[in-house]
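Since the structure is predicted, the reported quantities are computational estimates derived from the model, not experimental observations. So you know, we letter chains A, B, ... as the sequences are listed, proteins then strands, and number each from 1.
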There are 2 protein chains.
Amino acid sequence: MDEDTLTQALSRAETLCAQRGVRLTPQRRRVLELVCRAERPVGAYELLDQLRDGGPAAPPTVYRALDWLLEQGLVHKLETLHAFIGCTHPEHPHASQFLICDGCGGVKELEDKAIAGSLASVAAESGFRPSRPVVEVIGTCSDCAAKHGKD
Amino acid sequence: MDEDTLTQALSRAETLCAQRGVRLTPQRRRVLELVCRAERPVGAYELLDQLRDGGPAAPPTVYRALDWLLEQGLVHKLETLHAFIGCTHPEHPHASQFLICDGCGGVKELEDKAIAGSLASVAAESGFRPSRPVVEVIGTCSDCAAKHGKD
DNA sequence: AGCGCACTGTTATACTGTTTCATCACGGTC
DNA sequence: GACCGTGATGAAACAGTATAACAGTGCGCT
Ligand SMILES: [Zn+2]
Ligand SMILES: [Zn+2]
Ligand SMILES: [Zn+2]
Ligand SMILES: [Zn+2]
C-alpha cells in the first residue's frame, strides 16, 4: 500500500471508529498502520518486531490490538498463513474470500455473492447457522503462472 | 466413528493404498485409526499422546504420518482448528467444505458442486489457478441451536 | 477522594510445527 | 554375500504461534 492510500485508509478507520463510538487508540492505530503498510500478509511476531522499534512490547500487546482490529473488521486473518492483512473495504461488514498465491505471497480479497450464497444455502440445508465463513484459496496468481511458464 | 465403520474405513484405506502402490505402514495406519476413532477433530499432540501409549514418539513422527495421510486424501486438516479429521469418502480426490460447530465441536464434511463451481469461476476471472481451496464455516449446528434455544 | 472500567505492561507458559542428523529396513545390482 | 540407493523411523533441539494470569495506569463518574 503506498503512502497516500495508507493515509487515506487510516483516516477512514478513524472516521469509522468515531462513528461507532469505539477507541482507535495509538497502539491499535500503530498496528493497523503496520498491517496496511505491508504489501503482504504479516505475522503477529513480525508486527511485534516492528512495534519493538518504538519501545518494549510483548506478544499480548500485538494480539490484543489484532483481536480488536478483527472485531472492527479493519483487518482480516488468513488462517492458512497465520497472518493478517488490512481490509480493503472496512466500511460495511462482509464475508470475504481470499485468493492466496504461494508463488509471490500476494493476496486478493474478494467479496463474491455467488460464493457467499452457495455457502449460505448449503449451511441452511443442514440447519447450520454460520457465524464466520473462512474461504481461502491457495494457488498461483496470473503473474506467477506467466513467469513460471517462461522459465 | 463406531467400531464397524472404523474397521471398514481402515480396510478401504488398505485397498486404496494397495491400488496406488503406496505404503500404508503400521505407523500411518495407527495414526489413521486414531484420527478416525475420534468423534471430533484431533490435534497433532493429542495423537502424539495416544501414540506414546504404545512406545516412545516425537512430534515429527505424528506430523510425518499426518502429512502422508493428507497427501493420500485419507484425512483432512481443519485450518481454523489446527486439527485433523478422517475423510468420509477418500476414494476419489475432492475439494470439500466443512461446517464446524463451535458449540459441540462437531464437523460435517460436504462436497458441494455449487461452491466448488463459484470458487473456480471467481478464480478463473482473476486468472488464478487454485491448488488447494480451504472452505471452513464456523457456526452453530442444528442440535446446538436447538439446545441453546431451550436454555 | 473513591470507584469502575477499559487499556496497557510484564512474565511466564502452552500449543503447534520444523530442522537436523542418525539409524534402520527393503529391494535391486554386482 | 557385499554394495548401494531409497524410503521410513527415531531422537533431540529448536522455531513459530497464541494465551493465561496478574499488576499497573489513566480517565470519567459519584
Ligand atoms: Zn475485508
Ligand atoms: Zn503470485
Ligand atoms: Zn474428504
Ligand atoms: Zn453443535
Side-chain angles (χ1 to χ4, degrees), chain A residues 17-18 20-32 34-35 38 40-72 74-85 102 105 132 134 136 138, chain B residues 13-14 17-18 20-32 34-35 38 40-72 74-85 102 105 132 134 136 138:
Chain A
C17 292
R20 293 176 186 168
V22 296
R23 295 170 52 193
L24 183 61
T25 62
Q27 288 261 31
R28 292 166 179 171
R29 193 191 143 99
R30 174 96 175 104
V31 171
L32 177 59
L34 291 173
V35 172
R40 310 247 161 282
V42 223
Y45 278 72
E46 211 171 328
L47 292 168
L48 189 51
D49 286 343
Q50 299 183 251
L51 277 185
R52 280 172 168 153
D53 292 346
T61 301
V62 66
Y63 279 104
R64 283 193 281 235
L66 286 170
D67 285 347
W68 186 89
L69 292 167
L70 286 169
E71 278 170 24
Q72 297 301 321
L74 295 169
V75 306
H76 294 293
K77 175 168 190 179
L78 298 170
E79 298 286 349
T80 51
L81 300 180
H82 306 287
F84 302 83
I85 191 175
D102 54 13
R132 189 168 70 97
V134 172
E136 300 177 14
I138 318 292
Chain B
E14 303 254 22
C17 292
R20 293 176 187 167
V22 295
R23 295 171 51 193
L24 181 61
T25 62
Q27 288 264 27
R28 293 166 177 170
R29 193 191 143 99
R30 174 95 175 106
V31 170
L32 177 59
L34 291 172
V35 171
R40 311 245 160 284
V42 224
Y45 278 73
E46 212 172 327
L47 292 169
L48 188 51
D49 286 343
Q50 298 183 252
L51 276 186
R52 280 172 168 154
D53 292 346
T61 302
V62 64
Y63 279 104
R64 283 193 280 233
L66 285 170
D67 285 347
W68 186 89
L69 292 168
L70 286 168
E71 278 171 23
Q72 296 301 321
L74 295 169
V75 306
H76 293 295
K77 175 168 190 178
L78 298 169
E79 297 286 347
T80 52
L81 300 179
H82 306 287
F84 303 83
I85 192 175
D102 54 12
R132 188 168 69 99
V134 173
E136 301 178 12
I138 318 291

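Taking atom CG of A:Leu48 as the reference point, atom P of C:dG9 lies 12 Å away to the nearest angstrom.
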Show me the donor-acceptor pairs, under 3.5 Å and distance only, between side chains in residues 60-67 of chain B and residues at least two apart or in other chains.
unit_1, atom_1, unit_2, atom_2, d
B:Thr61, OG1, B:Ala58, O, 3.3

### Message
Please determine whether side-chain contact (heavy atoms from CB on, under 4.5 Å) holds for the pair B:Val22 and B:Trp68, giving the CA-CA distance in whole Å, both sets of side-chain angles, and the decisive distance to 0.1 Å.
### Response
CA-CA 10 Å; B:Val22 295; B:Trp68 186 89; 3.7 Å; yes
#### Entry: Check against side-chain contact (heavy atoms from CB on, under 4.5 Å), B:Arg132 and B:Val134
CA-CA 6 Å; B:Arg132 188 168 69 99; B:Val134 173; 3.9 Å; yes
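Residues A:Glu71 and A:Arg20 are not paired through a salt bridge, judged by the lack of any N-O separation under 4.0 Å between the basic side chain and the carboxylate.
Judged by distance alone, with hydrogens and angles left aside, the side-chain atoms of A:Glu136 form a donor-acceptor pair with the main-chain N or O of A:Glu79 at under 3.5 Å.
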### Query
Which parts of nucleotides 6-18 of chain D does protein reach within less than 4.0 Å, heavy atoms only, written one letter per nucleotide 5' to 3' as B for base, S for sugar-phosphate only and - for none?
--SBBBB----BB
